[in-house]
Asks: 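Can you read through this structure? Questions will come right after.
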There are 2 protein chains.
Amino acid sequence: MHLHTGETDARLLEAALELLAERGYQGATTRRIAERAGVAEVTLFRRFGSKARLLAEAVRRAGAAFEEVAARPSGDLRADLLEMARNYQEPFELGGAAAFMLAVEASRAGELRGALAEALQPRIRAVQDFFAHYQRAGALRPGDLDTMINAFLGPLVGAAFFQRTTGRGPRLDLEKHVEGFLGGWSA
Amino acid sequence: MHLHTGETDARLLEAALELLAERGYQGATTRRIAERAGVAEVTLFRRFGSKARLLAEAVRRAGAAFEEVAARPSGDLRADLLEMARNYQEPFELGGAAAFMLAVEASRAGELRGALAEALQPRIRAVQDFFAHYQRAGALRPGDLDTMINAFLGPLVGAAFFQRTTGRGPRLDLEKHVEGFLGGWSA
DNA sequence: CCTGTATGTAAGTGCATGCTAACATCAGTC
DNA sequence: GACTGATGTTAGCATGCACTTACATACAGG
């Protein structure tokens with residue numbers, strides 16, 4: 001075996017993810033991916049078989065990276081919300097891979113849809129459980145779970161959206177966002 | 001002159017917008033656009049010169065369509081917010097053109113960026129003025145204009161985002177969204 | 001009927017794309 | 001030092017792309 005076996009894959013996956021976010025599925029050409037990864041184009045096909053498989057695998061791993069973003073209730077709702085907001089802000093807004101753009105691409109390129117859904121499903125569950133927990137504990141209003149989750153995560157997505165598309169807009173003030181949310185949704 | 005002169009342009013612009021939202025800039029090929037519009041591909045080039053010009057014009061008109069979405073304060077904050085939410089929900093979430101996807105594409109395809117900025121700028125101003133007005137009137141908390149706007153519009157974008165990307169998630173309950181917002185941000 | 005204009009049809013050009021084939025290199029293993 | 005496996009280099013193929021050219025058709029106004 002070569003020394004760099006695993007590294008080659010990692011570099012291809014990372015380059016694929018970046019280009020997918022920057023340029024979209026069709027804009028992430030195999031030539032560009034290979035160039036950014038610093039390997040020959042043919043290596044991409046030898047290791048992943050096709051562009052679709054490489055990108056699907058890249059999306060799957062990007063989703064798995066979200067595992068680190070905890071959404072486990074500690075008992076202190078305000079602190080948990082702030083931490084969650086911080087954890088989600090980076091991948092949505094500024095992270096090199098731009099989860100935001102990935103999701104958009106995945107919704108369009110059929111080959112990626114399954115990979116994204118697979119990667120996101122446990123995350124969605126965790127967030128639902130988090131809010132449901134604080135509802136049962138009496139800290140949040142009962143009912144309307146989806147609207148509530150959206151009221152909390154929506155502004156994070158929205159801020160990323162406006163920043164990416166208009167290039168303007170300051171970074172969201174997370175403390176004030178949490179405060180506004182609690183004002184509207186705490187029991 | 002032909003009878004259908006204006007109609008040809010309109011159909012091309014509409015088809016271009018739909019495909020841009022569905023498939024992205026590169027996925028919106030001139031063949032597909034012409035086919036959906038029901039005209040010959042060569043007609044597209046005769047009337048708009050190039051794909052880039054057609055799509056830029058389509059985005060410009062889509063932005064102009066937002067003009068109808070009023071953000072003029074009437075004095076009744078709650079009613080205004082609800083109307084605004086309703087007016088924004090359709091283009092963001094379900095409208096055929098999917099403003100959401102357009103904005104994503106425009107942020108990537110340099111040729112469209114100017115057209116989108118041009119179309120969006122008056123809209124952004126109107127929304128800022130709307131919230132600033134109710135701040136001065138004492139109905140909304142002073143300061144933090146951007147965070148506040150984001151708290152209101154973010155969930156609308158977020159709901160569209162989750163619907164489009166995951167295919168799931170119910171439509172946002174606008175009345176409860178407005179109520180939650182007022183709970184957090186009214187003075 | 002004639003002319004001008006908007007459209008359609010058909011064919012094609014040059015380029016980028018995803019992907020393949022053939023051969024060379026280079027580092028470890030035995 | 002031969003062998004193996006991962007890589008690089010080069011060339012190429014078929015396809016789809018934006019876009020063009022040339023010619024035919026249809027319809028309106030004079």
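Residue numbers start from 1 in every chain, and the chains themselves are labelled A, B, ... in the order their sequence lines are given, proteins ahead of strands. If you're wondering where the values come from, they're calculated on a predicted model, not measured in any experiment. Computed from heavy atoms alone, side chains included, the values below leave out hydrogens, waters and symmetry copies.
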Asks: Find the distance Leu12(A):CG to dC19(C):P and express it as a whole number of Å.
Replies: 14 Å
Asks: Going by the rule ring pair (Phe, Tyr, Trp, His ring centres under 6.0 Å), which residues pair with Phe48(A) if we only count those two or more places apart in sequence or in a different chain?
Replies: none
Asks: On the nucleotide dA16(C), are OP1 or OP2 found under 4.0 Å from the side-chain N or O atoms that Arg32(A) carries?
Replies: no
Asks: Tell me whether the count of non-hydrogen atoms from other residues, nucleotides or ligands lying under 6.0 Å of NZ in Lys51(B) goes above 12.
Replies: yes
Asks: For DNA chain C, find the residues of residues 33-40 of chain B with a heavy-atom distance under 4.0 Å and give them by number; none if there aren't any.
Replies: Gly38(B), Val39(B), Ala40(B)
Asks: Less than 4.0 angstrom from a charged side-chain N to a carboxylate O is my criterion; do Glu105(B) and Arg108(B) meet it?
Replies: yes
Asks: Can you pull out every salt bridge (charged side-chain N to carboxylate O under 4.0 Å, His left out) where at least one residue sits in residues 129-138 of chain B? Sequence neighbours excluded, please.
Replies: Arg125(B)-Asp129(B)
Asks: Over how many whole Å does the gap from Tyr25(A) atom OH to dT17(C) atom P extend?
Replies: 14 Å
Asks: Just the atom pairs and distances: protein N or O near nucleotides 19-21 of chain D's N or O, under 3.5 Å.
Replies:
residue, atom, partner, partner atom, Å
dC19(D), OP2, Lys51(B), N, 2.7

Asks: Take the protein atom CZ of Arg47(B) and the nucleotide atom C1' of dA6(C), then report the distance between them rounded to whole Å.
Replies: 7 Å
Asks: Restricting to pairs with a member in residues 129-159 of chain B, which pass ring-ring contact (aromatic ring centres under 6.0 Å, His included), not counting sequence neighbours?
Replies: Phe130(B)-Tyr134(B), Phe131(B)-Phe152(B), Phe152(B)-His177(B), Phe152(B)-Phe181(B)
Asks: Hey, is Glu7(A) close enough to Arg11(A) for a salt bridge, meaning N to O under 4.0 Å?
Replies: yes
Asks: Between Glu22(B) and Arg36(B), is the closest basic N to carboxylate O distance under 4.0 Å?
Replies: yes
Asks: Listed by chain and number, what are the salt bridge (Lys or Arg N to Asp or Glu O under 4.0 Å) partners of Glu57(B), not counting sequence neighbours?
Replies: Arg60(B), Arg61(B)
